[in-house]
Amino acid sequence: MSKKVLIVDDEVHIRALLERALEDLEDENVEILLAENGEEGLELAIKEKPDLMFLDIMMPKMNGYEVCAQIKQNPELQNIYIIMLTAKGQTIDKVKAESVEADEYVTKPFNPNLLLEKACNILGIEL
């Protein structure tokens, strides 16, 4: 069974940057899915059940905290590994991400190579 990574961010250039950073995973039978807002991201997560999700916090329709909370409260989805991505680096924001059971919290700007490395570790892939 192939693995899936879902990228949810309202900024097109961030989605493109992450997609490029993770494109080597496609050679390892990993499908990369994209969503441009929280609502769309939640719908895709429910439908596709990705193994890993990169989730922006500040988005239209539904913010990343709301999406994360709904995923982690759903027994069918709670095993999705969620890495929150945000420009907000305040302690209170990290605490809020922990309160909705996000697995990791990464501030922007981020190192795309580091996110690829994290994805490989989470998915059990060696590139």
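- A donor-acceptor contact closer than 3.5 angstrom links the side chains of Glu104 and Tyr81.
- Tracing side-chain contacts under 4.5 Å through hydrophobic residues (I, L, V, M, F, W, Y), one reaches Ile32 starting from Ile14; they form part of the same cluster.
- Taking both residues in full, the closest heavy atoms of Met59 and Asp56 are given as CE-O, 3.3 Å, listed atom of the first, atom of the second, then distance.
- Tracing side-chain contacts under 4.5 Å through hydrophobic residues (I, L, V, M, F, W, Y), one never reaches Leu17 starting from Ile57; they form parts of separate clusters.
- A pairwise comparison of heavy atoms in Ile7 and Glu19 identifies CD1-N, 3.8 Å as the closest pair.
- When side chains are defined from C-beta on, Val5 counts as touching Leu123, because their heavy atoms get closer than 4.5 Å.
- Using a 4.5 Å cut-off on side-chain heavy atoms (C-beta onward), Asn37 and Glu39 make contact.
- Inter-residue side-chain proximity for Ile83 and Tyr105 is flagged as unmet; no heavy-atom pair is nearer than 4.5 Å.
- In this structure, NZ in Lys118 is found 12.5 Å from CG in Leu22, a value given to the nearest 0.5 Å.
- Note that NZ of Lys72 is 14.0 Å distant from CD of Gln70, once rounded to the nearest 0.5 Å.
- In this structure the side chain of Val30 reaches within 4.5 angstrom of the side chain of Ile125, judged on heavy atoms.
- With rounding to the nearest 0.5 Å, the separation of CD in Glu43 from CD1 in Ile46 is 7.5 Å.
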Kindly determine whether Val106 and Met84 satisfy side chain to side chain contact (heavy atoms under 4.5 Å, CB included), including the steps that lead there. CA-CA 6 Å; Val106 175; Met84 307 284 292; over 6 Å; no

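- Residues Val8 and Met53 meet the side-chain proximity criterion, which asks for heavy atoms closer than 4.5 Å.
- Here the closest heavy-atom approach between residue Asn29 and residue Ser2 is recorded as O-CB, 3.0 Å.
- Counting heavy atoms from C-beta outward, Leu25 and Cys120 have side chains that approach closer than 4.5 Å.
- Lys4 contributes no side-chain N or O that, together with a main-chain N or O of Asp51, makes up a donor-acceptor pair within less than 3.5 Å.
- With hydrogens and angles disregarded, a donor-acceptor distance shorter than 3.5 Å links the side chain of Glu66 to the backbone of Asn63.
- Side chains of Glu36 and Val12 form no contact here, defined as non-hydrogen atoms less than 4.5 Å apart.
- Both Leu55 and Leu6 are members of a single hydrophobic cluster when ILVMFWY side chains are connected at heavy-atom separations under 4.5 Å.
- Residue-environment remark: CD1 (Ile92) stays at or below the threshold of 12 foreign heavy atoms within 6.0 Å.
- Heavy-atom minimum distance, Leu44 versus Leu34: CD1-O, 3.4 Å.
- Taking both residues in full, the closest heavy atoms of Ala35 and Arg15 are given as O-CD, 3.3 Å, listed atom of the first, atom of the second, then distance.
- Using a 4.5 Å cut-off between side-chain heavy atoms of Ile, Leu, Val, Met, Phe, Trp and Tyr, with links allowed through other members, Phe54 and Ile82 fall into different hydrophobic clusters.
- Salt bridge Lys108/Asp9: present, at least one basic N to carboxylate O contact under 4.0 Å.
- Counting heavy-atom neighbours within 6.0 Å of Lys61 NZ, excluding the residue itself, gives a total of 12 or less.
- Note that CD of Glu126 and CG of Asn121 are 9.5 Å apart. Values are rounded to the nearest 0.5 Å.
- A single hydrophobic cluster is seen to contain both Ile80 and Leu33, as judged by linkage of ILVMFWY side chains at heavy-atom distances under 4.5 Å, directly or through other members.
- When all heavy atoms of Cys68 and Glu101 are compared, the closest pair comes out as SG-C, 4.2 Å.
- Looking only at side-chain heavy atoms (C-beta outward), Leu115 and Asn111 stay at 4.5 Å or farther from each other.
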Step-by-step side chain to side chain contact (heavy atoms under 4.5 Å, CB included) determination, Gln73 to Gln78: CA-CA 6 Å; Gln73 290 169 6; Gln78 65 189 12; over 6 Å; no

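- Between Asp27 atom CG and Leu127 atom CG the span is 8.5 Å, to the nearest 0.5 Å.
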